[in-house]
2 protein chains.
Amino acid sequence: MEKYLRLITDKMKSRNWDAFLVPRSDMFSGEEVPENEERLKFISNFSGSAGYAIISAKSKLKSVIFSDGRYQLQLKKEVNSKNFYISNGGFKEVCLFLNKNKNILKKVVIDPWLLTLSEYEFLQNIMKETKISFEFIKKNIIDEVWLNKPYKTENEIFKLPFKFTGETVSSKINRLTKFIQDNNYDFYILFNPTGLAWLLNIRGRDLKHTPISRSFCIVSKLRDIHIFGNNKSFPKILKKEKDIHFYNFEYLSTFLENSKNKNFLIDAKTLPMKVYNFLVNNNLNYKSISCPVDKFKTKKNLRELRGFKNAHLKDGLAILNLLFWFEKNVHLKNLTEIEVSKKLFEIRSLEKSFVCESFSTISAFADNGAIIHYKVNKSSNKKINKDGLYLIDTGAHYLEGTTDTTRTLLVGKAETEMIDNYTLVLKGHIAIASAVFPNNTKGRDIDALGRIALWSKGKDYAHGTGHGVGSVLSVHEGPISISKTSECFIESGMVISNEPGYYKNGKYGIRIENLEVVSKRKFKNLEDSFLEFKNLTRVPLELKLINKKMLTEFEIRWVNEYHQKVFKDLSRFLKTDNEELFNFLKRKTASI
Amino acid sequence: MEKYLRLITDKMKSRNWDAFLVPRSDMFSGEEVPENEERLKFISNFSGSAGYAIISAKSKLKSVIFSDGRYQLQLKKEVNSKNFYISNGGFKEVCLFLNKNKNILKKVVIDPWLLTLSEYEFLQNIMKETKISFEFIKKNIIDEVWLNKPYKTENEIFKLPFKFTGETVSSKINRLTKFIQDNNYDFYILFNPTGLAWLLNIRGRDLKHTPISRSFCIVSKLRDIHIFGNNKSFPKILKKEKDIHFYNFEYLSTFLENSKNKNFLIDAKTLPMKVYNFLVNNNLNYKSISCPVDKFKTKKNLRELRGFKNAHLKDGLAILNLLFWFEKNVHLKNLTEIEVSKKLFEIRSLEKSFVCESFSTISAFADNGAIIHYKVNKSSNKKINKDGLYLIDTGAHYLEGTTDTTRTLLVGKAETEMIDNYTLVLKGHIAIASAVFPNNTKGRDIDALGRIALWSKGKDYAHGTGHGVGSVLSVHEGPISISKTSECFIESGMVISNEPGYYKNGKYGIRIENLEVVSKRKFKNLEDSFLEFKNLTRVPLELKLINKKMLTEFEIRWVNEYHQKVFKDLSRFLKTDNEELFNFLKRKTASI
């Protein structure tokens with residue numbers, strides 16, 4: 001690592017470059033990045049899902065690495081502080097750092113594929129009074145020195161049938177072109193592979209957990225789709241669709257050169273500066289808007305929702321089998337965190353429509369559970385061999401839909417405090433699950449409902465209450481979320497997680513997560529239409545951690561009705577000869 | 001009225017003015033305006049507390065009057081639609097209207113005393129691409145024609161003693177001058193009479209319900225206070241304070257002319273364009289900030305809070321006496337809405353420290369209760385002579401502090417639906433009253449707590465859940481509020497109302513309002529400090545409207561404990577020979 005850093009700074013010095021900005025993200029600014037584009041990890045060893053480094057070629061200023069509050073512990077564990085000064089912050093703090101050190105770092109170089117127009121505008125705004133010069137480099141310096149990159153294979157692309165997507169490609173393209181026409185523009189640059197996957201009803205295997213092909217497209221107001229991607233299967237997969245044109249990724253600049261006098265809608269939040277520069281250099285008109293496909297795909301249609309339901313039944317059965325196996329083996333075999341997540345993967349893999357896990361399973365015992373974004377590895381892997389809480393946060397993509405579930409299990413005996421805190425989290429979970437609210441409610445408006453029970457005891461959780469979930473796409477899908485800062489309106493058809501938690505540092509973590517569908521709720525004789533959540537997840541709660549005395553009658557009824565649903569919906573899939581599993585389910589969903 | 005409108009438009013035509021903007025507010029942009037500055041009412045008959053008119057001198061465009069959703073019914077009742085087109089909106093809609101009609105209304109005139117810098121900047125921003133010209137006029141056209149204005153008398157000013165203010169003038173001035181010094185400026189223009197009253201520990205009687213003197217001051221970084229006001233008692237009242245200088249209002253322009261090379265902090269939200277123009281014309285430097293006095297006075301000190309408590313005991317006794325009288329007489333005497341509010345005023349007037357009502361009492365029976373901002377007058381005045389709900393929203397200033405209470409009383413028999421809706425409102429009230437929340441919580445974060453019980457039945461209320469309350473100042477005091485849009489952090493020492501409601505148009509209104517003090521809440525063994533509300537109001541709820549079956553055990557306990565507090569705190573003031581009143585209180589605060 002140090003060798004490569006040295007090589008990089010040597011190259012920088014020879015070219016008179018003072019600083020090099022290294023974002024964690026790839027050109028598609030998604031949460032997940034392929035192994036061979038993990039540049040931040042390559043130079044720093046930091047494996048978190050968000051962060052930036054500024055490599056300094058100046059001897060008087062050390063390089064610095066930034067990530068947010070979730071990752072401070074991990075940064076200290078993974079990054080050698082000889083090489084990097086470790087800092088808490090996001091892109092704003094990166095800009096402030098550059099501004100503060102403008103007298104030393106006079107020439108900053110940036111890979112224009114890895115910075116979005118929004119980020120660049122933000123940076124410019126902070127730096128507007130300084131004379132610092134930014135240079136966009138042609139080749140990423142890390143790629144110059146990273147010679148033994150993991151091999152990039154041609155990954156599978158597949159069609160998702162109508163019974164799961166519920167809308168034809170043609171209908172989706174119509175919606176998008178209508179949007180372009182309404183804006184009176186010629187093209188929209190959909191620089192977002194999840195958007196492309198949704199639009200064309202395809203999925204890909206370029207990433208471990210997000211089933212997409214890393215490609216993008218330009219859609220014209222005349223219904224032409226120009227796909228830019230190097231995967232050669234595209235034409236075959238899409239041969240039945242009309243007006244679709246395929247190009248190598250590298251053809252983009254020529255395409256834009258050939259589009260004189262055309263104007264382009266873009267979304268500055270995802271458009272790389274490289275593409276923006278193409279537009280500007282060719283004198284092409286552009287206007288930045290919020291990606292319309294994001295708005296389309298956040299509202300699931302009836303077939304997608306049916307798929308979500310079925311996916312949750314399949315995943316409910318998989319997790320039920322895991323819980324059964326866990327209870328049987330945890331004391332006998334000294335299971336480890338890794339063994340449990342492997343077992344779940346094995347169980348899920350038996351299901352034909354299973355695609356992949358929707359994120360890396362968080363399998364965390366005791367104090368590991370208090371690390372909100374814990375990712376087990378060989379050195380952190382704990383044996384589950386004493387009294388304590390075991391937290392598992394796990395999800396899967398099936399062809400039908402996507403799941404994301406967290407359960408907290410008791411191993412051995414519980415301390416009273418654990419039971420009380422689990423019950424407080426459960427109260428928050430029930431408050432969200434049973435909330436009814438008017439149409440014009442934002443995610444931020446109901447966030448407190450998940451917290452108020454914990455607050456009443458001086459407790460809280462340092463994360464949002466819920467996030468949107470894509471339909472066999474990103475498990476974290478914007479724009480909706482339930483958090484203090486979410487300005488997005490909650491609308492029917494959205495799928496949102498409900499996951500309050502409580503974390504006692506160095507001791508244990510508690511989280512209860514189900515997915516919910518936002519549904520319309522009509523009242524007799526009342527005009528205004530309201531919304532409510534309908535639960536998707538079918539996995540028992542931990543009865544041994546519920547203090548019934550802390551629950552209201554309404555909450556007790558909610559728990560019992562939830563467990564009745566879980567029992568009814570899962571038991572009908574259990575083979576009649578598997579009496580042991582049937583009885584396990586019955587016991588796990590007994591009334592309190 | 002029409003005669004005056006004609007006179008005004010004639011004058012406008014003769015001067016080639018196309019439109020004249022008439023805001024409801026006076027130069028101090030407060031909620032309350034003295035009778036002789038009710039210009040909007042003078043030309044339109046509209047008596048609401050917020051609104052704008054645009055008087056058009058063009059025959060092809062009718063004049064228009066704007067007020068927000070609360071006042072649409074009242075606009076239609078009060079304003080002659082021959083003279084004005086009635087419109088729903090605030091200042092934004094006024095600007096959009098001017099922008100839309102820019103080809104007709106080419107020259108718009110404005111009284112620069114009645115438009116704030118913030119408003120003007122907003123207007124400019126909306127109109128930035130048009131060639132419309134705004135002219136600031138020297139004399140308000142309405143004042144030119146309004147010859148028999150109510151006489152303006154010299155109103156009383158009085159000092160509020162230290163035992164009620166809890167902070168000396170000197171200490172307050174120190175805080176303000178430190179703020180000016182920290183900003184490295186020479187002066188702050190405190191263009192806010194409530195701020196002036198707070199700073200100098202004085203109160204005045206220029207308005208019916210807000211005990212202030214309509215004056216302002218300029219504070220220098222060197223601790224000099226320059227008061228601009230025409231009330232001749234100022235020097236006498238403030239003779240003990242040092243470094244205070246008095247000027248006629250009209251001297252302001254000369255003062256600013258004499259301040260060459262000085263720089264001024266201002267608050268654009270309250271600074272009239274007239275004063276802004278003085279600054280600009282004299283080439284004086286300025287910077288707009290949020291008024292620091294607003295931040296100071298929103299957090300009440302211990303003596304102020306003790307005063308609030310005592311004011312609430314006095315007012316609790318007054319309202320108890322009213323309720324007692326009401327119950328005895330409502331069926332016997334066919335009381336009217338006006339009689340009840342007059343009776344309460346009489347009772348309060350017996351108390352020596354009573355200053356005035358803190359707003360015009362809302363005394364509303366049956367369907368009048370559904371009008372959220374109902375103000376009884378002779379023609380609307382209802383007899384309370386049938387089964388129904390009676391809503392009284394009332395408050396008072398005592399020398400000690402300010403109150404604001406709403407109770408909904410049952411007259412005769414209740415429909416089940418009324419009881420259920422009262423109980424839903426009560427559940428919302430209890431959710432706010434018993435909320436505990438972290439330090440960094442905004443008003444908007446907890447607004448949903450007051451609504452969730454109503455939402456669960458498809459109901460809601462079209463107003464905020466709570467507002468800040470000044471200490472013998474404005475009963476509606478910014479910046480804090482509990483509403484969907486409140487971005488202000490809730491801090492200890494604030495006094496906030498808690499007033500969920502439910503309104504059935506044409507039938508009845510329900511509201512339950514107490515005032516709450518924000519207080520620190522410490523938990524054993526927990527580091528983070530939390531906040532909670534402590535109740536100030538001591539007035540019984542309506543037991544006959546509570547459906548106990550709809551309440552949780554916690555809520556039942558809350559009602560009983562609240563009533564025990566009311567009984568304990570009020571009964572000790574009841575004279576021993578007044579057994580009837582004592583028994584009334586006992587009955588009204590009985591456990592459920």
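Remember, predicted model here, so these are calculated numbers, not experimental data. Throughout, protein chains are lettered first and strands after them, A, B, ... in sequence-line order, and every chain is numbered starting at 1.
- Counting heavy atoms of neighbouring residues, nucleotides and ligands inside a 6.0 Å radius, atom NZ of Lys92(A) does not exceed 12 of them.
- The residue among Lys524(B), Arg451(B), Lys522(B), Lys459(B) with the most heavy atom pairs within less than 4.5 Å of chain A is Lys459(B).
- Closest heavy-atom contact between Ile446(B) and Trp455(A): CG2-CZ3, 4.2 Å.
- Within a 6.0 Å radius of NZ in Lys442(B), other residues, nucleotides and ligands contribute more than 12 heavy atoms.
- Contacts of Arg521(B) with chain A are made by side-chain atoms alone, with heavy-atom separations under 4.5 Å and no backbone atom involved.
- No more than 12 heavy atoms of other residues, nucleotides or ligands lie within 6.0 Å of CD in Glu415(A), so this atom counts as exposed by the packing criterion.
- For Phe530(A), the part sitting under 4.5 Å from any heavy atom of chain B is the side chain, from C-beta outward, and nothing else.
- Among Ala448(A), Ser456(A), Ser529(A), the residue with the largest count of heavy-atom pairs under 4.5 Å with chain B is Ser456(A).
- Interface remark: Asn440(B) contributes backbone and side-chain atoms alike to the contact with chain A (heavy atom separation under 4.5 Å).
- The environment of CG in Leu526(A) is crowded: more than 12 heavy-atom neighbours from other residues, nucleotides or ligands sit within 6.0 Å.
- Atom NZ of Lys507(B) has 12 or fewer heavy atoms from other residues, nucleotides or ligands within 6.0 Å.
- Of the two parts of Asp445(B), the backbone and the side chain both hold a non-hydrogen atom closer than 4.5 Å to a non-hydrogen atom of chain A.
- Most heavy-atom pairs under 4.5 Å with chain B: of the set Ile452(A), Asp460(A), Thr552(A), this distinction falls to Ile452(A).
- At a threshold of 4.5 Å between non-hydrogen side-chain atoms, the residues Thr441(B) and Lys484(A) count as touching.
- Atom CD of Glu417(B) is surrounded by more than 12 heavy atoms from other residues, nucleotides or ligands within 6.0 Å.
- Proximity to chain A (any heavy atom under 4.5 Å) is restricted, for Glu487(B), to the side chain, taken from C-beta onward.
- For Ile289(A), the CD1 atom is densely surrounded, since the number of other residues' heavy atoms within 6.0 Å is greater than 12.
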